[in-house]
Amino acid sequence: MIKLTLPDGSIREAEAPLDGLAFAESIAKSLAKKAIAIKINGEVKDLATVIDRDVAVEVITVTTPDGLELLRHDAAHVMAEAVQELFPGTQVTIGPAIENGFFYDFARKEPFRPEDLEKIEERMRQIVDRNEVITRELWTRDDAVAYFKSIGEFYKAEIIEGIPSAEDVSVYKQGNWLDLCRGPHLPSTGKLGKSFKLTKLAGAYWRGDSRNEMLQRIYGTVWATDAELKAYLTMIEEAEKRDHRKIGREMDLYHFQEESQGSVFWHPKGYVIFNQLEAYIRRRLNASDYVEVKTPQLMASKFWEQSGHWGKYRENMFVVPDEIPNTEDEGPVLTGKGDLMALKPMNCPAHVQIFNQGIKSYRDLPIRMAEFGCCHRNEAHGALHGLMRVRQMTQDDAHIFCTEEQIQSETEHFVNLLYAVYQDMGFADVVIKLATRPEKFGGTIERWDAAEKALGDALRATGHDFIIAEGEGAFYAPKLEFHLKDAIGRSWQVGTLQLDYVLPERLGATYVAEDGSRKNAVMLHRAILGTLERFIGIMIESCAGKLPMWLAPVQVVVATITSDADDYAAEAVALLRAAGLRVELDVRNEKINYKVREHSVGKVPVILVAGKREAEERTVSMRRLGSQDQSVVGLDAVIKSLVAECLPPDLAPAAMKAAAE
RNA sequence: GCCCACGUAGCUCAGUGGUAGAGCACUCCCUUGGUAAGGGAGAGGUCGAGUGUUCAAUCCACUCCGUGGGCACCA
């Protein structure tokens, strides 16, 4: 007798061992039809798995997250089968399920063409129609290696060779096609359904290492139903309309050009956002006992050698000779004999120089030193991405010099400040990663372990969940990374905190401790927005350009209906501006429909319309972005309420309180 | 940097081996219109750059530059 515990806690008994399908049938025929796998004691297994002992069992269907992941994994296999049928000689490598879909990496001399995707999709549908039974076999490792080598699948053989020789490997067969795979899989290709689409073609390095050859990756998406597939594709299409590069152009915020790729030309409207954001963070930092500094843009390469950046990051630094070029027509412009200098890629070594002026006491600590530092990094061409990844960036950077005892409280202080800021900006969905010691690192393992623990403890103390990013720390310190997502779901690091023992030691940042001894300060590198450029990019995408009032480049447009109201509208604009608002006047010879449309497209949050009537009554007709309603309100009242509405989030509560008194 | 795709007017995009077109935007004229595009006229392009093939290249080939999607990188 076998006791089977169902998800609802009830227990079923079976006379004899049975497989997953039989188990599903024992519950309901309809369930057996939909079953694609089973979960035994929390582990997803093939439907053909035989249950022969007392376990907790659950039937998996495509409507569950586990089922969907299975579907995605199988889609990768079916795609691989289709590709090998259509393009003989193509080698398969790996093909996992990912968020929303799957990919498979292929090795083939000829590149796939975008039009090949349709052919592959068509063949995939045929394979689904063939409803090939998927079976699992266990082979010895050596047999598997020999087999895959014999059919010219050298990548597969290499993967299997990495498995200990004593272990058997599982191989899945579907029709005539087979692949090494841990599984589990669907019972047959027919269960995949046809709610899939191949979405893009890309290159990807074998084993994720740029020293290896490049494979061809095909991405696809698959869903349980056509309706879900369609919804997903529509969602992506809609999200692409929120792309900050598109909105940036439409709203006339900034541009790039090839003479300075990766560096932003901020237009007046975009720079308003930049300045407002900077001013906001500055107030936040001032209120949190930071001091602000400004340090040199150019420093001698020797300086960067000392900090350790020259050795590791030189290739990404903009290096300039400290030499005045020859202006004569003949002869070399530069002799090459000048000392090298570099544009700063980061601010920290410069902040240490300020810290090191004079002698610091433990009584002085912590020192929280902030700079809106303009840094340059020569990022790889392929890495550049609108405002998200630039070569000239402005960080809301700060370094906290503190004692070892202050690490935890300073980290908590920072995390709380960061969350207060993100909340003001309307970001709730923050992913935190704790990036740990990389292969190449500075300092001692003991220090690293202590630092990683301190960061984790601080996060737990502030009540935030986080995930571990193994080996992704900076060379000198473990990091906390705070990630936000862009419109189409790509994750970008914004905030960060790095706990550094190495740099203070290298650059001699010491203080006099209570007992009179000299100790190295601990340095926390931290940023909340990260770079203003990227953060603005994320902000634009998250609100589709409809920025909150306090950040909107133009907060109000006063538009006239007829020229009778021109003088009154101009007066209204003057009053609104005097009250500190960013206002534009529109007295063009255009119909009000036209003006409303244009300013709506331009994402102006408030349009105040003035016609003859309003001019006579000293009112305006107010229309808000995204609404078709209008309300006629007195000019003085509207100015007062808009002023309140346009206050930055850190100033609004105090102002409201004062107004209430 | 690597793989694939793309590059035509300010923007979005057609198009052709015989030196270019639309819509919107822009300028001017008419229109003074009550909440998401009123009408007319005009101006605007070395078809990303270079080399080659050809009688002839925006179109074909190659190289380079840039952009997009990924990969790698991200102090």
Side-chain angles (χ1 to χ4, degrees), chain A residues 103 105 111-117 199-219 240 243 245-246 249-250 252 255-259 261 304 307-317 344-349 375 377-386 388-389 393 435 438 442 472-477 479 481 488 490 492-493 496 498 500 502-503 525 530-531 534 559-566 587 589-602 607-614 621-623 625-630 632:
Chain A
F103 68 76
D105 287 347
F112 290 115
R113 301 279 156 200
E115 53 272 24
D116 293 336
L117 295 189
T199 49
K200 51 196 174 190
L201 215 46
Y205 295 107
W206 167 235
R207 299 206 143 155
D209 190 329
S210 60
R211 289 167 299 190
N212 290 341
E213 58 276 33
M214 181 149 281
L215 307 170
Q216 299 188 62
R217 176 172 295 179
I218 301 176
Y219 284 93
E240 280 167 359
D243 191 311
R245 292 163 297 190
K246 184 174 153 66
R249 194 168 46 238
E250 287 166 358
D252 191 18
H255 84 271
F256 289 95
Q257 61 188 54
E258 62 179 277
E259 290 80 0
Q261 44 181 293
W304 300 106
S307 72
H309 294 94
W310 191 255
K312 194 160 163 50
Y313 293 107
R314 187 175 55 229
E315 63 181 25
N316 291 318
M317 288 168 68
K344 69 174 169 183
M346 45 165 21
N347 308 298
C348 28
C375 295
R377 295 179 186 175
N378 201 349
E379 305 284 9
H381 286 83
L384 300 177
H385 184 101
M388 303 298 200
R389 192 83 182 269
M393 67 207 82
E472 288 183 20
F475 75 91
Y476 53 75
K479 300 193 280 184
E481 299 179 1
I488 64 167
R490 284 177 293 217
W492 298 91
Q493 181 189 312
T496 184
Q498 301 160 18
D500 184 2
V502 178
L503 200 62
H525 308 246
T531 75
R534 175 178 294 180
T560 51
I561 292 169
T562 63
S563 47
D564 295 336
D566 285 3
V587 292
N589 177 14
E590 296 291 351
K591 291 201 165 143
I592 192 62
N593 288 338
Y594 182 91
K595 294 183 185 180
V596 165
R597 176 182 152 78
E598 195 176 272
H599 299 304
S600 298
V601 168
I607 301 173
L608 300 180
V609 174
K612 200 172 174 186
R613 224 160 44 220
E614 286 80 5
S621 166
M622 179 159 75
R623 178 189 170 115
L625 183 59
S627 161
Q628 286 174 5
D629 301 336
Q630 309 137 39
V632 176

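What you are looking at is a predicted structure, and each value in this text was computed from that prediction instead of being measured.
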If I take atom [atom1] in residue [X] and atom [atom2] in nucleotide [N], what distance separates them, rounded to the nearest angstrom?
{"X": "A/Tyr205", "N": "B/C73", "atom1": "OH", "atom2": "C1'", "value": "9 Å"}
{"X": "A/Met393", "N": "B/A75", "atom1": "CE", "atom2": "P", "value": "11 Å"}
{"X": "A/Asp209", "N": "B/C3", "atom1": "CG", "atom2": "P", "value": "16 Å"}
{"X": "A/Leu201", "N": "B/C6", "atom1": "CG", "atom2": "C1'", "value": "14 Å"}
{"X": "A/Glu315", "N": "B/C74", "atom1": "CD", "atom2": "P", "value": "9 Å"}
{"X": "A/Leu384", "N": "B/A72", "atom1": "CG", "atom2": "C1'", "value": "14 Å"}
{"X": "A/Lys246", "N": "B/G68", "atom1": "NZ", "atom2": "P", "value": "14 Å"}
{"X": "A/Glu240", "N": "B/U12", "atom1": "CD", "atom2": "C1'", "value": "15 Å"}

Side chains of [X] and [Y], heavy atoms from C-beta outward: is any pair under 4.5 Å?
{"X": "A/Cys348", "Y": "A/Leu503", "result": "yes"}
{"X": "A/His525", "Y": "A/Lys479", "result": "no"}
{"X": "A/Trp492", "Y": "A/His385", "result": "yes"}

Base, sugar-phosphate, or nothing for [X], non-hydrogen atoms under 4.0 angstrom?
{"X": "A/Phe103", "result": "nothing"}
{"X": "A/His525", "result": "nothing"}
{"X": "A/Ala380", "result": "base"}
{"X": "A/Tyr476", "result": "sugar-phosphate"}
{"X": "A/Thr562", "result": "base"}
{"X": "A/Lys595", "result": "nothing"}
{"X": "A/Arg490", "result": "sugar-phosphate"}

Would you indicate, yes or no, if [N] has its OP1 or OP2 atom less than 4.0 angstrom from a side-chain nitrogen or oxygen of [X]?
{"X": "A/Tyr313", "N": "B/C73", "answer": "no"}
{"X": "A/Arg217", "N": "B/G69", "answer": "no"}
{"X": "A/Arg207", "N": "B/C71", "answer": "no"}
{"X": "A/Lys200", "N": "B/G70", "answer": "yes"}
{"X": "A/Arg245", "N": "B/G69", "answer": "yes"}

Side chain of [X]: nearest nucleotide among [options]?
{"X": "A/Ser563", "options": "B/C4, B/U67, B/U32", "result": "B/U32"}
{"X": "A/Met214", "options": "B/C4, B/C3, B/A75", "result": "B/C3"}
{"X": "A/Pro114", "options": "B/C4, B/A75, B/C11", "result": "B/C4"}

Distance between [atom1] atoms of [N] and [M] (Å, rounded):
{"N": "B/C13", "M": "B/C71", "atom1": "P", "answer": "24 Å"}
{"N": "B/A49", "M": "B/C6", "atom1": "C1'", "answer": "16 Å"}
{"N": "B/U35", "M": "B/G21", "atom1": "P", "answer": "40 Å"}
{"N": "B/G44", "M": "B/A20", "atom1": "C1'", "answer": "13 Å"}
{"N": "B/C62", "M": "B/U67", "atom1": "P", "answer": "22 Å"}
{"N": "B/A5", "M": "B/A9", "atom1": "C1'", "answer": "24 Å"}
{"N": "B/C29", "M": "B/G69", "atom1": "C1'", "answer": "47 Å"}
{"N": "B/C60", "M": "B/G17", "atom1": "P", "answer": "9 Å"}

Looking only at heavy atoms, the pair that brings A/Leu201 and A/Leu117 closest together is CD1-CD2, 3.9 Å
Of all heavy-atom pairs linking A/Trp304 and A/Met346, the shortest is CH2-O, 3.6 Å
_I'd like to know if A/Asp209 and A/Arg207 make a salt bridge, using a cut-off of under 4.0 Å between side-chain N and carboxylate O._
no
Using purine N1 to pyrimidine N3 plus N6-O4 or O6-N4 for Watson-Crick, or N1-O2 and O6-N3 for G-U wobble, both under 3.5 Å, which nucleotide pairs with [N]?
{"N": "B/C2", "result": "B/G70"}
{"N": "B/U63", "result": "B/A49"}
{"N": "B/A41", "result": "B/U27"}
{"N": "B/C13", "result": "B/G21"}

Distance criterion of 3.5 Å, no angle test: do you see the side chain of A/Arg389 paired donor-to-acceptor with the base of B/C74? yes
Those residues at least two apart in sequence (or on a different chain) that pass ring-ring contact (aromatic ring centres under 6.0 Å, His included) with A/Tyr205 are none
For A/His599, the ring-ring contact (aromatic ring centres under 6.0 Å, His included) test, sequence neighbours excluded, returns none
Once base and sugar-phosphate atoms are separated, protein heavy atoms under 4.0 Å mark nucleotides 35-48 of chain B, 5' to 3', with B, S and - as BBBS----------
Does A/Glu115 CD have over 12 foreign heavy atoms under 6.0 Å away?
yes
**OP:** Give me the ring orientation class for A/Tyr313 and A/Phe475: parallel if the planes are under 30° apart, tilted from 30 to 60°, perpendicular past 60°.
**Re:** tilted
